A.B. asks: 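Encoded as structure tokens, here's the structure I'll be asking about.
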2 protein chains.
Amino acid sequence: MARASTTSDAFNAVAEPRRRDILSFLVAQERPVNDIVASLGLPQPSVSKHLRVLLEVGLVDVRRDGRQMFYRTNANAIRPLHEWTSTFERYWRHQLTRIKERAEANELQS
Amino acid sequence: MARASTTSDAFNAVAEPRRRDILSFLVAQERPVNDIVASLGLPQPSVSKHLRVLLEVGLVDVRRDGRQMFYRTNANAIRPLHEWTSTFERYWRHQLTRIKERAEANELQS
DNA sequence: TTGACATATTCCGATATGGGAATATGATTA
DNA sequence: TAATCATATTCCCATATCGGAATATGTCAA
């Protein structure tokens, strides 16, 4: 077996930086493909391929209007990632507390 | 070019489900490799390889004690993922609001 | 020093990737 | 219908992956 497919879930789809850029760009409002091409400065076929991956895992939705395809980020599909990372939140808070305490202890010394 | 290396950043490292399992397991307290092997039921070489990836991107720390290696999740390295997903939070909130409003409208109809 | 234990590395093969270039499909307009 | 615009797909290639199996490294104990 090789690495899991990029279309296997949101975690894999989002590992590619360009796809994260696209998601950020499409979250405020839907946009035709050419807007993405122009704004991110990527070759059009590349954008289409990335959009296909994002579509397959449900990270974007599409709507056709004439010959244009309007894509929009489906923010809901990002929630699982957010929730997974949230389970670690209390631990980095812990770390911060310890770092802070150490810093304060050092200030008392000096 | 091919897909970015799994060691290129936390996003890529975390795309692999086993590595997420390992991070969850190691977050509460440090553990020797054999504990991971036993708890997750993975072959030992596989665990060592995954730990190497996690170590390279700073998602875990190690400490040696005799012949054992104690690994622990570095929660701080997960923050970038959390922060990136957080930028989408207001948008799924929006969606929820719209869905809720629609549901309530439907209740009035029925 | 030898053996046992804990962990890491190497070699292999099948597979999917993303970029580039070319081209196909689909829809509109002249 | 032909030309044009917007987007999608295909082909090729270099590369890195993960799993499995075998083996290496490193540390401790007898």
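Residue numbers begin at 1 in each chain, while the letters A, B, ... track the order of the sequences. Given the structure is predicted, the values throughout are model-derived calculations rather than measurements.
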A.B. asks: Does the pair A/Thr73 and A/Ile78 meet the rule for a side chain to side chain contact (heavy atoms under 4.5 Å, CB included), with working shown?
C.D. replies: CA-CA 9 Å; A/Thr73 296; A/Ile78 299 177; 4.3 Å; yes
A.B. asks: In chain order, what residues pass the side-chain hydrogen bond (donor to acceptor under 3.5 Å, both in side chains) check against B/Gln68, with sequence neighbours excluded?
C.D. replies: none
A.B. asks: Suppose we screen for side chain to side chain contact (heavy atoms under 4.5 Å, CB included). Which residues come up paired with B/Val47, at least two apart in sequence or across chains?
C.D. replies: B/Val33, B/Ile36, B/Val37, B/Leu42, B/Leu51
A.B. asks: Between atom OH of A/Tyr91 and atom CG of B/Leu23, what is the distance when rounded to the nearest 0.5 Å?
C.D. replies: 12.5 Å
A.B. asks: Which residues within residues 2-24 of chain B lie with some heavy atom under 4.0 Å of an atom in DNA chain C?
C.D. replies: B/Ala2, B/Arg3
A.B. asks: Using the C1' atoms of the five pairs at each end, what is the angle between the end axes of the helix from C/dT1-D/dA30 to C/dA30-D/dT1, to 10°?
C.D. replies: 0°
A.B. asks: What pairs of residues pass the side-chain hydrogen bond (donor to acceptor under 3.5 Å, both in side chains) test when at least one of them lies in residues 20-42 of chain B, not counting sequence neighbours?
C.D. replies: B/Glu30-B/Arg63
A.B. asks: Please identify each residue that fulfils salt bridge (charged side-chain N to carboxylate O under 4.0 Å, His left out) with A/Arg52, with sequence neighbours left out.
C.D. replies: A/Glu56
A.B. asks: Rounding to a whole Å, what distance do you find between A/His50:NE2 and C/dG18:C1'?
C.D. replies: 7 Å
A.B. asks: Any ring pair (Phe, Tyr, Trp, His ring centres under 6.0 Å) involving residues 29-83 of chain B? Give me the pairs, sequence neighbours left out, ordered by first then second residue.
C.D. replies: A/His82-B/His82, A/Trp92-B/His82
A.B. asks: Summarise protein proximity over nucleotides 5-11 of chain C in one line of letters, 5' to 3': B for base, S for sugar-phosphate only, - for none, counting protein heavy atoms closer than 4.0 Å.
C.D. replies: BSBBBB-
A.B. asks: Of all residues at least two apart in sequence or in a different chain, which pass the side chain to side chain contact (heavy atoms under 4.5 Å, CB included) check with B/Pro43?
C.D. replies: B/Pro45, B/Ser46
A.B. asks: Going by atom type alone, with no hydrogens or angles, which donor-acceptor pairs under 3.5 Å involve a side-chain atom of residues 7-16 of chain A and a protein atom two or more places apart or on another chain?
C.D. replies:
{"unit_1": "A/Thr7", "atom_1": "OG1", "unit_2": "A/Ser5", "atom_2": "OG", "d": "2.6"}
{"unit_1": "A/Ser8", "atom_1": "OG", "unit_2": "A/Ser5", "atom_2": "O", "d": "2.6"}
{"unit_1": "A/Ser8", "atom_1": "OG", "unit_2": "A/Asn12", "atom_2": "ND2", "d": "3.2"}
{"unit_1": "A/Asp9", "atom_1": "OD1", "unit_2": "A/Phe11", "atom_2": "N", "d": "3.1"}
{"unit_1": "A/Asp9", "atom_1": "OD1", "unit_2": "A/Asn12", "atom_2": "N", "d": "2.9"}
{"unit_1": "A/Asp9", "atom_1": "OD1", "unit_2": "A/Asn12", "atom_2": "ND2", "d": "3.0"}
{"unit_1": "A/Asn12", "atom_1": "ND2", "unit_2": "B/Ala15", "atom_2": "O", "d": "3.3"}
{"unit_1": "A/Glu16", "atom_1": "OE2", "unit_2": "A/Arg18", "atom_2": "N", "d": "3.2"}

A.B. asks: Let me know the distance between CG of A/Leu54 and P of D/dT7, rounded to the nearest Å.
C.D. replies: 16 Å
A.B. asks: Is it true that B/Gln44 and B/Ser48 share a donor-acceptor pair across their side chains at a distance under 3.5 Å?
C.D. replies: yes
